[in-house]
Structures are given as structure tokens and as C-alpha cells.
Amino acid sequence: VQLQASGGGLVQAGGSLRLSCAASGRTLSSANMGWFRQAPGKEREFVAAIFRSGVITYYADSVKGRFTISRDNAMNTVYLQMNSLKPEDTAVYYCATTTHWETTRVSDFGSWGQGTQVTVSS
């Protein structure tokens, strides 16, 4: 499967963005999906994940209550709605698949696509 993240951009603090992760090559309906981000000079970190059914989700504490992950299996797409953005949310955001559940480890995810840049100005 090939993943392509999009929807990033420049936004002021307090603003919102909606990221999309489109898949090609195979259906995502059987895959658990996650979003990660990587800021300059920092390690890639977990942001959110969603079970293949779309019913169960979990989040990093730093984004809980502000970000919402969702999916549309018919569209083969996963989304990340980001509200109340902060300058510390600035990073390149990536989506990936996993066969695991309740994991936040980068090594448990695969099929990394190209990321999308999110920049939040203060």
C-alpha cells in the first residue's frame, strides 16, 4: 500500500487544519492506522491511531481533546482533524499502517508515506 498525506499548511495559533491520508494499492479497511509527527531535530512521535472498524481510537496526551482521528473506508482515506493548534504542533505529519493495537512505537507501524508540513505561528 502507498500512503499520501495532505492538507498541511500555515495556520495561526488557535486555528484548525484537517489532514488526509489517501491510500492506493490496496484497501485500508483491514488496517489499523496511525498519525505521527516529526519536528526539526526531534524524533518521530505518535499522535493518534484508529482501529480498522473506525470505532476505537487513542491519542497522545499532548493532542487529546484537540485532535480527532477518523476514517472513511469507502474512500480509503484516514483523516486527522486538528483544532486549537499550538506552535508546538509544528511538524511534518505522517500516516502509517499497523497490524498491532494500542501501540505508539514507530517500529510497529509501516507503509510510511510522504508527510505533510504543518506550521503553526504564534
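The shortest side-chain heavy-atom distance between V78 and L28 falls under the 4.5 Å cut-off. The side-chain heavy atoms of R71 and T77, taken from C-beta on, include no pair separated by under 4.5 Å. Side-chain contact between L85 and L17 is present, with at least one heavy-atom pair separated by less than 4.5 Å. In this structure, T68 and T57 have side chains that are not in contact, with every pair of non-hydrogen atoms separated by 4.5 Å or more. Proximity of Q4 to C21: side-chain heavy atoms (C-beta onward) are nowhere separated by under 4.5 Å. Annotation: side chain of V47 is in contact with side chain of F67 (closest heavy-atom distance under 4.5 Å). Side-chain atoms of E88 and T90, non-hydrogen and from C-beta on, never get closer than 4.5 Å to each other. Between Y94 and R37, every side-chain heavy-atom pair lies at or beyond the 4.5 Å cut-off.
Following chains of ILVMFWY side-chain contacts shorter than 4.5 Å, one can reach V1 starting from I69, so the two form part of one hydrophobic cluster. V106 and V92 fall within the same hydrophobic cluster, defined by Ile, Leu, Val, Met, Phe, Trp and Tyr side-chain heavy atoms under 4.5 Å apart, directly or through other members.
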Let's go through L19 and M82 carefully: what are the C-alpha distance in whole Å and the side-chain angles of both, what is the deciding distance for side-chain contact (heavy atoms from CB on, under 4.5 Å) to 0.1 Å, and is it a yes or a no? CA-CA 8 Å; L19 305 184; M82 306 186 296; 3.7 Å; yes

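Remark: the backbone N or O of R26 is paired with a side-chain donor or acceptor of N76 at under 3.5 angstrom. Listed for the R66 side chain is a donor-acceptor partner under 3.5 Å among the backbone atoms of S84. With hydrogens and angles disregarded, no donor-acceptor distance shorter than 3.5 Å links the side chain of Y58 to the backbone of T104.
If you take OG1 on T103 and CG on D108, they are separated by 3.5 Å, rounding to the nearest 0.5 Å. Between the CE atom in M33 and the CZ atom in F109 there is a gap of 9.0 Å [rounded to 0.5 Å]. The distance from atom CG of L80 to atom CD1 of I50, rounded to the nearest 0.5 Å, is 10.0 Å. Taking CZ from R18 and CG from N83, the interatomic distance works out to 11.0 Å, rounded to the nearest 0.5 Å.
Between F46 and F36, the gap from one ring centroid to the other is short of 6.0 Å.
Residues S29 and N73 have side chains that never bring a donor and an acceptor to within less than 3.5 angstrom of each other. Judged purely by distance below 3.5 Å, without hydrogens or angles, the side chains of N32 and T98 never pair a donor atom with an acceptor atom.
A cation-pi arrangement is present between R44 and W112 under the rule of less than 6.0 angstrom and at most 45 degrees off the ring axis.
For E45, the CD atom counts as densely surrounded, since its 6.0 Å shell holds more than 12 non-hydrogen atoms of other residues, nucleotides or ligands. More than 12 heavy atoms of other shown residues, nucleotides or ligands fall within 6.0 angstrom of atom CD in Q117.
Across all their heavy atoms, P87 and S122 have their closest contact at CG-CB, 3.9 Å. Scanning all heavy atoms of the two residues, the minimum distance from G15 to V11 falls at CA-CG2, 3.8 Å. Taking each heavy atom of G8 and V118 in turn, the nearest pair found is CA-CG2, 4.1 Å. In terms of heavy-atom proximity, L3 sits nearest to A96 at CD1-CA, 3.6 Å. In terms of heavy atoms, S20 sits closest to W35 at O-CH2, 3.6 Å. Shortest non-hydrogen contact noted between S16 and Q81 is CB-NE2, 4.0 Å.
Salt bridge present: K64 and D61 bring a charged side-chain N and a carboxylate O closer than 4.0 Å.
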